[in-house]
Amino acid sequence: MPATTTPPGDALGQRSLVHQTPQLYGLIRTRLWAQVLIGLVLGIAVGSLLGESEGWLAPLWAERIAAWLALPGHFFLAIIKFVVIPLVLASVVRGVAAGGDVDTLRRLGSRVVLLFLAMTVLAVVLGLGLALWLQPGAGIDAGMPQAALTVGAGPVAPVVGPAVPPAAATEAAPLTERLIAILPQNPFAELAGGDMLQIVIGAGLVGAALLMVPREQARPFFELMGSIQAACMVVVGWVMKIAPLAVFGLLCEISARVGPAAILGLAAYVGTVLLALLVLLLLFLGAVALFGRRSPLRFLQAVREVLLLAFSTSSSAAVMPLSLSTAETKLQVRQAVSRFVVPLGTTINMSGTAIYQGVATLFLAQVYGVEIGLAGMLLIVVTAVGTSIGSPGTPGVGIVILATILEGVGIPAAGVALIIGVDRLLDMCRTAVNVAGDLVTCVIVDRWFGAEAAASGPEAAAGQQAGAG
Ligand code: ASP
């Protein structure tokens with residue numbers, strides 16, 4: 001009798017994403033990152049020339065031209081947005097169901113969540129520390145003509161995801177209600193509304209349940225999820241062909257709106273946030289070397305495209321499909337790890353946003369002369385961690401979270417108006433760091449997973465290695 005062979009992947013015969021998306025990897029091989037980088041630089045240059053402060057063109061014309069140039073970018077985002085929800089659903093169900101057994105899943109899940117929490121807390125504390133040390137708000141007082149500080153402030157229009165006005169975030173519901181609201185209740189409503197956290201939790205439940213169902217019964221659903229996943233990745237591969245053009249257009253539109261004057265007025269604040277993000281990125285690279293046992297340079301090389309796209313789109317949710325394939329193909333992370341860590345991280349892990357909350361809150365406290373004691377700082381940490389877990393990875397979310405924190409510690413929420421003009425630029429940078437944080441976690445958890453498998457014997461190691469296939 002011929003032996004039945006399980007294709008590399010996992011117990012249920014999961015195939016590698018690499019084999020499913022030849023277009024995507026073909027493109028990345030031909031130096032997509034360089035094309036994206038060129039698009040980015042050209043976009044900033046053309047956008048700055050079109051910008052209002054340059055005055056070369058009538059503002060109405062400049063706006064129209066920028067809108068047309070941005071069209072491929074909005075096409076790109078619309079298509080990516082179209083595949084994100086089914087892809088998250090399918091990836092988490094398959095990622096969890098491929099975990100092998102409930103014990104492995106429990107161990108992996110609790111470690112990943114703890115790691116994300118630790119990273120977020122560390123990031124807020126680091127942001128607070130840097131702002132305390134550098135005092136970016138010391139030279140600015142709230143009475144300063146606001147026009148000088150808000151030049152270029154336009155509405156922070158989300159490229160992906162719903163617009164949430166800062167005011168909405170300040171009407172905080174009691175904690176008990178917010179905790180209940182995180183749980184999935186109506187799968188159709190949540191899928192239709194794009195509620196990522198509920199979708200990830202619900203898909204995790206279904207995936208875990210599949211582990212308890214007889215294999216033959218689980219297989220059709222598991223395979224359906226695999227087909228959805230494969231089709232979504234092919235669509236991502238198609239749309240990646242216009243990524244450089246999309247980046248050019250999006251950057252053009254943003255640079256035309258946020259002129260250099262807005263950035264100069266808040267140079268100390270912008271500089272402190274950028275420094276904080278750089279420190280966090282360096283810590284991530286250190287963690288890759290120390291805990292992931294990989295070369296930080298190689299890691300950076302592997303993730304450059306996805307970080308450039310995160311920067312250009314300001315949305316970690318939008319680049320989730322690419323983060324997933326980067327983890328699996330370029331970083332060679334096991335599917336059982338990547339399909340769990342990336343969708344979850346995109347939803348609950350925002351260390352770049354968290355470090356920004358620390359700096360921005362203290363900056364505004366310094367501007368308004370509000371004393372923040374130790375208790376206030378603790379409150380900032382708790383609120384920043386809690387709100388960033390429940391918020392989607394979409395543009396401008398960070399400033400909404402900030403409004404909630406400001407209310408909590410008694411800083412006028414109107415302070416948001418002071419910094420909104422430069423928020424888009426900072427949003428782009430923190431999004432790239434958020435995505436880097438998810439990928440760093442993938443690498444670290446993958447190593448723990450492999451070490452554990454090796455310790456529990458060659459058979460387990462072989463089984464888990466198959467998960468990387
Ligand atoms: N845009 C960020 C993200 O998608 C969130 C934020 O506003 O900080 O990760």
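Count residues from 1 along the sequence. Each ligand, and each atom within it, is numbered from 1 in the order the structure gives.
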Short version for Val397: what comes under 4.0 Å of ligand 1, heavy atoms counted, is both
Is there side-chain contact between [X] and [Y], with at least one heavy-atom pair below 4.5 Å?
X: Met350; Y: Thr120; value: no
X: Val422; Y: Val273; value: no
X: Val435; Y: Phe311; value: no

Discussion item. Assess whether a salt bridge exists between Asp423 and Arg430, defined as any Lys/Arg side-chain N lying under 4.0 Å from an Asp/Glu carboxylate O.
Written reply: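 Salt bridge flag = yes for Arg430 with Asp423.
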* Arg334/Glu328 ion pair, N-O < 4.0 Å -> no
Which of the ligand 1 atoms, numbered from 1, are nearer than 4.0 Å to a heavy atom of [X]:
X: Ser314; result: 1 (N), 4 (O)
X: Thr353; result: 5 (C), 6 (C), 8 (O)
X: Ser315; result: 4 (O)
X: Ser316; result: 3 (C), 4 (O), 9 (O)
X: Gly398; result: 6 (C), 7 (O), 8 (O)

Atom 1 (N) of ligand 1 has as its nearest protein heavy atom Asp427 OD1, 2.7 Å
Next item on the list: Could you tell me the residue and atom name of the protein heavy atom closest to atom 2 (C) of ligand 1, and the distance to it rounded to 0.1 Å?
Entry: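 Heavy-atom neighbour on the protein nearest atom 2 (C) of ligand 1: Thr431 OG1, 3.2 Å.
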Query raised in the report: From Leu278 CG over to Leu274 CG, what is the distance, rounded to the nearest 0.5 angstrom?
Result: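 Reported to 0.5 Å precision, the distance equals 8.5 Å.
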Output for pair (Arg294 CZ, Asp446 CG), nearest 0.5 Å, gives 6.0 Å
(Q) Is it the case that ligand 1 has an N or O less than 3.5 angstrom from some N or O of Met350? (A)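 Such a contact does not occur with ligand 1.
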